[in-house]
Structure formats: C-alpha cells, structure tokens
Asker: 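Can you keep this structure in mind? I'll have questions shortly.
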Amino acid sequence: MQQTEPTAARTPDAVKVVKTHGLPAIPFCIATAESPGVAFVGMSDFAVHRIDLGADKPEASPIGEARHGSYVTGIVRVGGTIVSGGYDGALIWWDAGTGSVVRRVEGAHAKWIRRLALSPDGTRVASVADDMRTRLWDVATGGCVADWGDNDVKTPHGYPSMLYAVAFSPDGRFLATGSKTGLVLVRDAASGSIAGRLETPVMYTWDPKARNHSIGGIRSLAFSSDATLLAVGGMGKVGNIDHLEGASRIELFEWGNQSRRAEIEDTKYKGLVEALRFGPGDGWLVAAGGDNGGFVSVYATSDGRLLAQEKVGNHIHDVALASDGASLVAVGHQQISTVTL
Amino acid sequence: MHADHEPRGTDTRPLDAATAPPITRPDAGISRRRLLSAVGAAAPLVADMSAIGMLRSPALAAELRKQERRVILLWLAGGASQFETWDPKPGVKTGGPFRAIPTDVPGIHISELLPGLATRMQHTAIIRSLNTKIADHGTAAELMECGRRNDPSVRFPDIGAIVARELGRLESTVPDYVSLYTSTEGRRKGTSGFLGARYSPMFLSESMTPPNILRLETITDVDHRDRAALRDALARRFTAESRSLAVDSHLSAYQRVQGMMASADLFDIGREPESVRARYGTTQFGEQCLIARRLVEAGVPFVKVARAWWDSHGQNFETHQELCADLDHCMSALLDDLRTRGLLEHTLVITLGEFGRTPGINASLGRDHFASAWSCSLSGAGVRGGVAYGKTDKEGHTVVEGEASAGDLFATILASLGIDPGHEYMLGSRPVPLADFGSEPITEVLA
C-alpha cells in the first residue's frame, strides 16, 4: 500500500472505496508484503495467494504448490516468511518469495484455527482455535512455547464453543482472546496468567424458542497503542438467527479497571465486526465486517461517536491498515478492495 | 428402481366418520384391520395358530411382520445441508470447509460432522439424489410430509397419518401418531388429511408431556373407572339398538382417551435409568429422541421428532457445527438403544427435512434453499444398511444418477414398512394411491 505522510492528529472524515477486484474464492485473512501494494491472502480454496494490487488487473495466484486441508483463516508475515493457519488445524511456514514450504505443523490444533496474531517483536505467533486453546509458536523454530486453556469447550447450552479472535498489545505484553460466548481473556503474554477478564454477553445470541441454536461471538479484538484500551467486535442480539441481521457491535473497554468506555451498535450497517484497528494516535478506531454486504466504519475512541462509514462490497473478513492510517485493504466475499480513510 | 411390489389393492375401509367424504362400504373379503383385531384378540393362541398352519398364510404372516413395524422421523426442519451431512464434497468450490470421513462401510464417506453416525452406517441407507424441485419452506414441507403436492380438492394425509392408519391397532392403548415440535420456527402439526381426525397426531409443542391427560385430582381412580364402566354400559345398550359409524367413533375416542391417560408415563424420561438418559444427553432433541424410543417400544407406530432450525442463510458452517453435533449424538444414541433392545429391526429411523441447501456459499457464509440435489437417510427396519444410493455431480448442483422424487421417497418408506405404496384409498369414486401416481420405491435401499 502507498504510504502517506504520517499525521498523528489526522482523523478520517470519509471512507472511500478506491477500487475493488473480484477473487475466485473467499478470502478470510490478509497480510501485507514488504513490497508496497502486494498482499498475501488466505482463501477458501485452501491456498495462500499473492495479489499485486498495483497491477492493472490484479489477480490472485497461489504462492506455491502446497495447500492447507481446508479454508485458510489466519496469516501473518515476518520478514520474508509467512505463517498461515487453517480450519485443518495446521500451521504452515512459507518462504514468501519462492512459495516453498519451510515448515508444516500438522495438528497444531485439534479443531479449526480461527486467527493468528504476530507479536510486535516478530518472535511469536499466537493461534486460537475451536479446541478452545490459545497457543504461542516460536516463529524461528516452529516450536509450541505456550498452550493455554481457560475457555469452556462447550457453550452454556451444550454445543461446541469457538475461539474466534486474538490480538497482541502493541507493546507485546498482553494477548487477548475472544470466544463465541462473549468471554474476553487478557493474558500476560509471557506467563500466560490472566490479567483481565471481560464479558460481552450481548455478542452471543442463543435462541431457545424459535430456532434452538446460536449465532454470534467475538470476532475481532484490538489494543490501543498504549494497551490501555481494548476494542471488542461482534454483533448485537439477533432476532432471526438465520441471517446476520443483528446490529454490528463494538465494546470499547478500559480493560485494566474493567470499565466499558463505549458500546457502539450500528443498525445501518449490520452484521459481524470482523476486523478492528486503532488509528495512529489512538484517537479513532476503524471497524469492518458486514452481513451479506460489507462496511468500513470509523469511530472516535473518546466516546464511540461515528466519524465516517461506507458500504464496501461484500461481507469483509479482514483488513490490513496502512501504518499511517490513511488507507486499508479489505478482503471480502470473493473481493479485495482498497479503501482510503 | 423397480415396480416389483405386489398388485395394487383398493382400500374400502371406512375413513373417519366426521371428516371423510362418502366412501364405498367394505365388500371384499376380510379387512386387514379386522384380521389384526382377530389376531390381537387371540394373541395368546398364536403358537397354536402356527401349529395348525395359519401362519403359513403369506398374507397373515406379512400382516404380522408389518404390525411390528414402527417409524421415528427425525425432521430436520428448515433444511439441513447435504454437504455438511450425507453428501460431502471436500476440496471443490462448493464443498465448504469440512472433511469427508470414512464410515464403517467401505467406500461410503460422510461429513466429519457426523462421526458417530459414520460408525453406524451399516444400519443406514443414504439417498443422495432427491430432486424435489420446491424450495420454499411451507410448500416443500408439505410435499415431503405427504409425498405429493396438495390438490385443491383433496387434503392428503401425511406419512405419519398413513402409517398410523396402516400400522395402528384399534385396540391399542397408546396413540398411533405422536409429533414433537417444540421450536416455534416452521412449526407444523402434521395433517391426517382425508383420513380424518382419528389419525391426527398427538401434537406436543409447548412441553414434552401431553397436556391435560392426567386424571383430575378431584376424582378418585375408583370414581374414574366407575364412570368409564357406566359410560361403556350405556353405550353398549345404545349400540345394540342403533349401530352407527358416529357412535362407534365416539366409543373409540373414549377408549383412546383412556389409553392415552394410561400412557402418560411414556413421556416421562425420569423413569429411564440415569445411564440411558446420559447416553442421549441433556439437549431437548436428545430427550425427545428418548421419548420417541419409549413410545415405539410401547407400540406407537409413528413418532416424529422435529429438530429445528437448519435454515442457515448466514453462518452455515457454524450452524451445522451445533446442529450436526446434536443430530450425531442423539441419533447415534437412538440407533444404539433401539438395537440393544431388539427394536431396530422393527423400527425405521428417517432423517429428512423439506429440502437441502445450495452448493453456492453466499456472502454471509450461508447456504440458501435448494431442492434439486439433496439427501436423506433411512436406518433400521426394512432398509438395506450400508448403501449410498444416487449421485450428484462433482460440485453438487444436479443429480446425475438415481434421481428420486418426493413420491419415490414416500413409496420407499411405505415399502420398507411392508405397506404397498400402490394400495388405494377410495375417496368416493376416486382412488387415491398411498404414494403418488408414478412414484416407485427405491428397491436398492430396501432389505
């Protein structure tokens, strides 16, 4: 992505879709490359793709011959190495340049890997999965260096739970995870001890009467740069759980004192908040997700006030925000879009 | 499929006196129901009957076998995905994220979401080639329940009512047709159509116990029985002087009410050992499956247990992780329990909904309604286990082998129970076959 002049005090007042390209499959996760304008994307065809967004007609090309055994849902880049995780429970280390597999860890988790997060120093990858484990992996060796539980494997109603979201704090001290039933655990990333425990029950809808199953869950997490604020994204209570018709929802916590600073619900752009990022200076927060359609919204972190928003193609699964906060790349259902803020 | 069932007969038995259209009176030989009544009354003599050769009569032997048959329909309301259950397509664009796993029958793979049922495939036949064309909930549910589209001039009975009529016994003290549908979405009571109210289901929606069937506390048991005896005596005197269908129906209704009052315990799973309850689990569906087993064990011919709601337009994969876990666990427990008790060979367990779900995955990661190429399963009585019948194309868009209609499935279910699908009810002068005109049983899945 093109970088613009850093302006810490800059606050977006508009969201604009610059361009959108179709993709042959569903992209679930994105990591930017070292080269400007290039992205790596994990998709529903079980492959990791390279996309040159600067090309006249950007196309997704698998970076190598290897494949996951299912959807690729987590991806991080460390220098010239990519680490991907998927619903097959495997982690794959790739050479970003050649596409060759450096390392493959089968059975990294017993169930679907939902997301990966890279520690700020680039030495650790965190993975969360539906086995309700949070694991840390040594980027250099591929060894599992920590394995934490503390999430119930079943929902209160007896069904398999899910662990959807994970994020490191920018200083690397903390690691937050979010579950289907709305539990956020903030851990000391070195010891694994639980430093904070937050509940967001509105994000989990259990329908005992009409449809007898559930929907929702925490789908995104982000720390502010000083790690005092934690944003949690998902969906509000849903009437008809056949559809993603709940209000998109963000809860903004001063997690150290268990205080909820803002609750944001948007019924104009409904559905799941799949990605959250703090802008430079922490004065604003960008959220992306959707129901069938996608959206990008920007909120003030002081009070949760809406600053700008726009419909962006189809349901968005992940974004990569430029370090200057002026643009992002969003991957949505069979689409990739460049958006300016 | 083959049309090799027995020659089709015409059923001139009386339909429900209150609701049925005019019918032709019986005039041809002994009716099945009269035969069964006679057999039932002489049950202690069956051994002697065998000794004197009566059971060598093919018709009687078939009736006795049929009489033992029961059905448990697990109604997957809202439409389960065939990709995430019986017809997985891993690795193709439409296939979704789940793997296919091998079963205990070589060559048959099903979704990894059904690991328990994969180890019980020897008892199950999968039909992967349903093309039922209708993809809106109400009309499709009616089609699959009745095996044909409704006719403006005729209200057809559903499969439960037909089985109740064909396999129920007049002297039975348990209901013939019980339907449990607790969720509110897509709730359907079921219909006995032109068979009349006599074959309507005992419908349990708000609770798992029939309401208002317990004796009032203000009446003692002695009083209750005395009142019944007096009513019977008066009725017998009345019918001795003036016999009519309406009076017979009235008497029958009282007898059935008494039977249902006596059968209240069947709905009380607290009477099951804790170990049995634990196997079914604590979900509502599990408890209802256990009730279904108790009912068929007591002689109820048809029990429907609805598990709603599979209509996963959004988050299809998350939804199926929950619902398939429930289905897999509870149906596995049910099959095991039936088998252990020697009931599985007499009990047909069906999984069916109104339709399947689209090959295409929408932007909400959902699948929408789809009736062109989808699946169901039949286990137990009358079924050739370990069979996967029919085939869809590589991405699951169309049926490429063994296409089966709703009528064909209906005929198959009837045939597996020993009921001739071509047998006809007479509605006035109009013959109505049990299975729709032109439908044929899928003999490849029949034992």
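Numbered from 1 within each chain, the chains take letters A, B, ... in sequence-line order.
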Asker: If you look at every heavy atom in A:Ala210 and B:Thr184, which pair is closest and at what distance?
Answerer: CA-OG1, 3.0 Å

Asker: Is it the case that atom NZ in A:Lys209 sees more than 12 heavy atoms from other parts of the structure closer than 6.0 Å?
Answerer: no

Asker: Just give me the residue among A:Asn314, A:Ile241, A:Leu244 that pairs up with chain B most often, heavy atom to heavy atom, under 4.5 Å.
Answerer: A:Leu244

Asker: With the side chain counted from C-beta on, respond yes when A:Ile26 and B:Leu365 share a heavy-atom pair under 4.5 Å apart, and no when they do not.
Answerer: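 Yes; the side chains approach each other to less than 4.5 Å.
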
Asker: Let's test your reading of the structure: which of A:Gln335, A:Glu245, A:Arg219, A:Lys180 forms the most heavy-atom pairs below 4.5 Å with chain B?
Answerer: A:Arg219

Asker: Got a sec, which residues hit ring pair (Phe, Tyr, Trp, His ring centres under 6.0 Å) with A:Phe46, two or more places apart in sequence or on another chain?
Answerer: none

Asker: Minimum heavy-atom separation for A:Tyr71 to B:Gly96, with atom names?
Answerer: OH-CA, 3.1 Å

Asker: Yes or no on side-chain contact (heavy atoms from CB on, under 4.5 Å) for A:Ser214 and B:Glu322, after CA distance, side-chain angles and deciding distance?
Answerer: CA-CA 8 Å; A:Ser214 71; B:Glu322 283 196 337; 2.4 Å; yes

Asker: Find the distance between OH (A:Tyr159) and NE2 (B:His329) and round it off to the nearest 0.5 Å.
Answerer: 10.5 Å

Asker: Non-hydrogen atoms of chain B under 4.5 Å away: do they reach the side chain of A:Pro24, the backbone, both or neither?
Answerer: backbone

Asker: For chain A, find its close neighbours in residues 303-321 of chain B: heavy-atom separation under 4.5 Å, sorted by number, or none.
Answerer: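 Within residues 303-321 of chain B, the residues under 4.5 Å from chain A are B:Arg307, B:Ala308, B:Trp309, B:Asp311, B:Ser312, B:His313, B:Gly314, B:Gln315, B:Phe317, B:Glu318, B:Thr319, B:Gln321.
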
Asker: So for atom NZ, which belongs to A:Lys311, do other residues, nucleotides or ligands contribute more than 12 heavy atoms lying within a distance under 6.0 Å?
Answerer: yes

Asker: With chain B, which of A:Arg114, A:His157, A:Arg67 has the greatest number of heavy-atom pairs at distances under 4.5 Å?
Answerer: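 Highest number of pairs under 4.5 Å: A:Arg114.
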
Asker: Check whether A:Asn240 gets within reach of chain B through its side chain, its backbone, both or neither, counting any heavy atom under 4.5 Å.
Answerer: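 Neither part; nothing is under 4.5 Å.
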
Asker: Rounded to the nearest 0.5 Å, how far apart are CG of A:Asp207 and CD of B:Glu185?
Answerer: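 With rounding to 0.5 Å, CG (A:Asp207) is 8.5 Å from CD (B:Glu185).
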
Asker: When you measure from the side chain of B:Ser183 to the backbone N and O of A:Arg211, does any donor-acceptor pair fall under 3.5 Å?
Answerer: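 Between the backbone of A:Arg211 and the side chain of B:Ser183 there is no qualifying donor-acceptor contact (under 3.5 Å).
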
Asker: For B:Asn362 and A:His333, which heavy atoms make the closest approach, and how far apart are they?
Answerer: O-CE1, 3.2 Å

Asker: Which atom pair, heavy atoms only, marks the closest approach of A:Ser70 to B:Pro97?
Answerer: OG-O, 2.6 Å

Asker: Sort A:Asn212 into side chain, backbone, both or neither according to what part of it lies under 4.5 angstrom from a heavy atom of chain B.
Answerer: both

Asker: Taking atom CD of A:Glu65 as the centre, does the number of heavy atoms from other residues, nucleotides or ligands within less than 6.0 Å exceed 12?
Answerer: no

Asker: Taking all non-hydrogen atoms of both residues, which atom of A:His315 and which atom of B:Ala363 are closest, and how far apart?
Answerer: CB-O, 3.1 Å

Asker: Could you grab the distance from atom OG of B:Ser364 to atom CG of A:Asn292, nearest 0.5 Å is fine?
Answerer: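 It comes to 3.5 Å.
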
Asker: Other residues, nucleotides and ligands only: do more than 12 of their heavy atoms fall within 6.0 Å of CD on A:Glu199?
Answerer: yes

